[in-house]
Amino acid sequence: MDWVLLVVALGVILGGAELFTNGVEWIGEGYGLSEGAVGSVLAAVGTALPETILPLIAIVFGGAASGKEIGVGAIIGAPFMLSTLAMFVLGATVIGYARGGLRQRAIRTDAAVPKLDLSVFLVLYALSIVAGLIHVKAVNVVLAVCLMVAYGFYVRRHFAGPVGESSSDGLKPLHLARAPRPRRREGDAPTWLAVVQTLIGLGVIILGARIFVSSVTTIAGNLHVSELAFALLVAPVATELPETFNAGVIWARRGNKDTLAVGNITGALVFQSVFPVAIGLLLTPWHLTQDALIAALVAYAAAAFLLVQLLVRNRLTAPLLLLQGVLYGGYVAYVILARL
């Protein structure tokens, strides 16, 4: 029964994430934001939201010990998954579409967008890792505030960028409007309707996250598996990857929307290094165990590798993104072998 509830919870979370992402992207269109702002801020918030709600629900309602362990696992697991497996999926998608003649193999993205995202992520995430090693509560509180302030400046930087090409061609129709984009008349998908859909999606995500936390706690106990390890490997893939895949595949297929596809992932990295980490800093002892620390270091190394490539070559390539999957596979093998 717990496994059934787990599957149901994942479906609820992903359904809510779809509503939220779709709504928040149409809000971006309504305000005429740049591709960098839509991909790295609005779409990133949508794909990252389940992994923000999940640790909060786990920490508050999941019990003193197991809840905090699941929460920390979800917080650390999201950047790990985004910087490795999500990038791998994007690279595989580009190569697959290129072989099918649907797009060019080259990833044509505005390099300034992922450069900014990855640079901010590496700075903020490094501070979070250090905090997880020194265990000083006062430092945690100050760092949590600094992270949120830094994110405000980061968002301002994206919103101040040039508007450029409209991103609306890469979006699905608003689900509550159901009017196909090419025939949409003015007023068929107003911004207020997108806001309503976004709020509905948020409520659905919160409900699914509560069910998910309860199921994970019970299943991990029955299997005698660490809640941390389970949350590190299951929660991020379940709640982050499908939305990242959805947005990435839609934009990657077009070829001229690569800035949105890449920015969706790198922007989510920045978001995950701020709000979920701030939750962990304020509501848990923020003690990184060996598994969590290794996952955090792998995520950091993967993001640093991508940034170096951008600084040296000013672009990302699909084969390079495929290499990120090796890091994910290596960590999964480590977790499995360490428990044999």
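Because the structure is predicted, anything quoted here is derived from the model rather than measured.
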Just one of Ile107, Thr266, Leu269, Leu307 clears the side-chain contact (heavy atoms from CB on, under 4.5 Å) bar with Pro114, so which one?
-> Thr266
Between Gln324 and Met87, what is the shortest heavy-atom contact and its length?
-> CG-CB, 3.8 Å
Out of curiosity, Leu147 CG to Ser128 OG, how far, rounded to the nearest 0.5 Å?
-> 5.0 Å
Ring centres under 6.0 angstrom apart (Tyr328, Phe88) = no
Do Asp291 and Tyr334 touch side chain to side chain, with heavy atoms closer than 4.5 Å?
-> yes
Which pair of heavy atoms, one from Leu174 and one from Gly23, lies closest together, and at what distance?
-> CD1-CA, 4.0 Å
Atom OG1 of Thr198 and atom CG of Leu193: how far apart are they, to the nearest 0.5 Å?
-> 9.5 Å
Where is the tightest heavy-atom contact between Ala9 and Ile211, given as atom of each residue plus distance?
-> CB-CG2, 3.6 Å
Are Ser40 and Asp117 close enough that a side-chain donor and a side-chain acceptor fall under 3.5 Å?
-> yes
Ile265 and Leu90: CA distance, side-chain angles, deciding distance, side chain to side chain contact (heavy atoms under 4.5 Å, CB included) verdict = CA-CA 9 Å; Ile265 300 175; Leu90 179 57; 4.0 Å; yes
Point-to-point distance, once rounded to the nearest 0.5 Å, from CG of Leu306 to CG of Leu320 | 6.0 Å
Evaluate the criterion side chain to side chain contact (heavy atoms under 4.5 Å, CB included) for residue pair Trp286 and Ile279; output intermediate values, then yes/no.
-> CA-CA 10 Å; Trp286 194 243; Ile279 291 172; over 6 Å; no
Shortest non-hydrogen contact from Ala303 toward Ser83 = N-CB, 4.3 Å
Distance from Tyr125 atom OH to Leu297 atom CG, nearest 0.5 Å?
-> 8.5 Å
Distance, nearest 0.5 Å, that separates CG of Leu116 from CG of Asp110 = 10.5 Å
Of the non-hydrogen atoms in Phe275 and Met148, which two are nearest, and what is the gap between them?
-> CE2-CG, 4.0 Å
Set of side-chain hydrogen bond (donor to acceptor under 3.5 Å, both in side chains) partners for Tyr300, sequence neighbours left out = none
Verify, without hydrogens or angle tests, whether Lys137 (side chain) and Leu282 (backbone) share a donor-acceptor contact under 3.5 angstrom.
-> yes
Look at the rings of Tyr154 and His158 and say which category their plane angle falls in: under 30° parallel, 30 to 60° tilted, over 60° perpendicular.
-> perpendicular
For Val139 and Val130, run side chain to side chain contact (heavy atoms under 4.5 Å, CB included): C-alpha distance rounded to whole Å, both residues' side-chain angles, the deciding distance at 0.1 Å, then the answer.
-> CA-CA 10 Å; Val139 172; Val130 172; over 6 Å; no
Gln309 side chain vs Leu316 backbone, donor-acceptor pair below 3.5 Å | no
Taken to the nearest 0.5 Å, the spacing of Ile76 CD1 from Thr289 OG1 works out to 9.0 Å
Taking every heavy atom of Phe80 against every heavy atom of Leu327, the minimum-distance pair comes out as CE1-O, 4.5 Å
Is there a donor-acceptor pair under 3.5 Å between the side chain of Asp258 and the backbone N or O of Thr109?
-> no
